Student: 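Pasting in a structure now, in structure tokens, and then I'll have a few things to ask.
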Amino acid sequence: MSIITDITDEYPDYVFTTIDGFDDAIEGIMECANMNPKVIYNKEKIINMLIDMDMTHEEAMDYFYFNIFHVYINDQSPVFIHKKGGTNE
């Protein structure tokens with residue numbers, strides 16, 4: 001079973017916006033009072049996945065900010081975590 005399936009099974013009353021091809025960068029779900037839950041992605045994992053697609057670090061950062069981070073889709077748009085200390089585990 002995929003992590004997206006696990007999430008939708010656990011939260012059947014919500015619609016989540018996800019980023020195609022980056023399921024391995026999902027850290028979990030953000031829950032907050034008076035807000036719908038959102039998918040949390042690990043920013044560093046996304047950057048590393050882009051680098052693995054033959055981008056330089058600079059290209060990966062540019063791609064992340066222009067095509068992923070700054071794209072607002074709806075109130076269920078994902079959130080991104082930056083782990084202090086550079087740990088991505």
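For the numbers below, each heavy atom of this structure counts, side chains included, while hydrogens, waters and symmetry mates do not. Only a predicted model underlies this, so the values are computations on that prediction, with no experimental measurement involved.
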Student: Give a yes or no on whether Ile3 and Ile81 share a hydrophobic cluster (residues Ile, Leu, Val, Met, Phe, Trp, Tyr; joining criterion: side-chain heavy atoms under 4.5 Å apart).
Tutor: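 Result: no, two separate clusters.
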Student: Counting C-beta onward and ignoring hydrogens, is there a side-chain heavy-atom pair between Glu59 and Thr56 closer than 4.5 Å?
Tutor: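 Yes; the side chains approach each other to less than 4.5 Å.
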Student: How about Phe16 and Pro78: do any of their side-chain heavy atoms sit closer than 4.5 Å?
Tutor: no
Student: Can you name the closest pair of heavy atoms from Ala60 and Met55 and give their distance?
Tutor: CA-SD, 3.8 Å
Student: In terms of hydrophobic clustering (I, L, V, M, F, W, Y; side-chain heavy atoms under 4.5 Å; direct or indirect links), are Ile4 and Tyr11 co-clustered?
Tutor: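 Linked within one cluster.
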Student: Find out if a path of hydrophobic residues (ILVMFWY) with successive side-chain heavy-atom gaps under 4.5 Å connects Met30 to Val71.
Tutor: no
Student: Taking a hydrophobic cluster as the set of Ile, Leu, Val, Met, Phe, Trp and Tyr residues connected by side-chain heavy atoms closer than 4.5 Å, whether directly or through intermediates, do Val39 and Val79 fall within one such cluster?
Tutor: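 No, separate clusters.
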Student: So which atom in Met49 and which in Ala25 form the shortest heavy-atom distance, rounded to 0.1 Å?
Tutor: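 Closest approach of Met49 to Ala25, heavy atoms only: SD-CB, 4.0 Å.
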Student: Do the side chains of Lys83 and Glu27 get close enough for a salt bridge, i.e. N-O under 4.0 angstrom?
Tutor: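 Yes, charged N to carboxylate O under 4.0 Å.
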Student: Can you check whether Ile29 reaches Lys38 side chain to side chain, under 4.5 Å on heavy atoms?
Tutor: no
Student: Given Phe80, which of Ile19, Ile40, Asn42 fulfils the side chain to side chain contact (heavy atoms under 4.5 Å, CB included) condition?
Tutor: Ile19
Student: Side-chain contact, heavy-atom cut-off 4.5 Å: Lys43 with Phe64?
Tutor: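 In short, these two side chains touch, coming nearer than 4.5 Å.
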Student: Run the side-chain contact (heavy atoms from CB on, under 4.5 Å) test on Asn36 and Val15 for me, step by step, so that the C-alpha distance in whole Å, both residues' side-chain angles and the decisive distance to 0.1 Å come before the verdict.
Tutor: CA-CA 9 Å; Asn36 288 336; Val15 175; over 6 Å; no
Student: Hey, what do you get for CD1 (Ile47) to CE (Met61), rounding to the nearest 0.5 Å?
Tutor: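 Ile47 CD1 to Met61 CE: 5.0 Å, rounded to 0.5 Å.
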Student: Looking at the rings of Tyr41 and Phe22, which for Trp means the six-membered one, are their centres under 6.0 Å apart?
Tutor: no
Student: Could you measure the distance from the CG atom of Asp20 to the OG1 atom of Thr18? Nearest 0.5 Å is fine.
Tutor: 5.5 Å
Student: Once you round to the nearest 0.5 Å, how far does NZ of Lys45 lie from CG of Asp52?
Tutor: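 Those atoms lie 13.0 Å apart.
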Student: With no hydrogens and no angle check, just 3.5 Å: does a side-chain donor-acceptor pair link Thr17 and Asn74?
Tutor: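 On atom types as modelled, these side chains qualify, holding a pair under 3.5 Å.
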Student: Mind checking the CG-CD1 spacing from Asp24 to Ile46? Nearest 0.5 Å is all I need.
Tutor: 11.0 Å
Student: Evaluate the criterion side-chain contact (heavy atoms from CB on, under 4.5 Å) for residue pair Tyr65 and His70; output intermediate values, then yes/no.
Tutor: CA-CA 6 Å; Tyr65 281 109; His70 287 292; 4.1 Å; yes
Student: Mind running side-chain hydrogen bond (donor to acceptor under 3.5 Å, both in side chains) on Glu58 and Tyr63 for me, showing each step along the way?
Tutor: CA-CA 9 Å; Glu58 184 177 346; Tyr63 184 93; over 6 Å; no
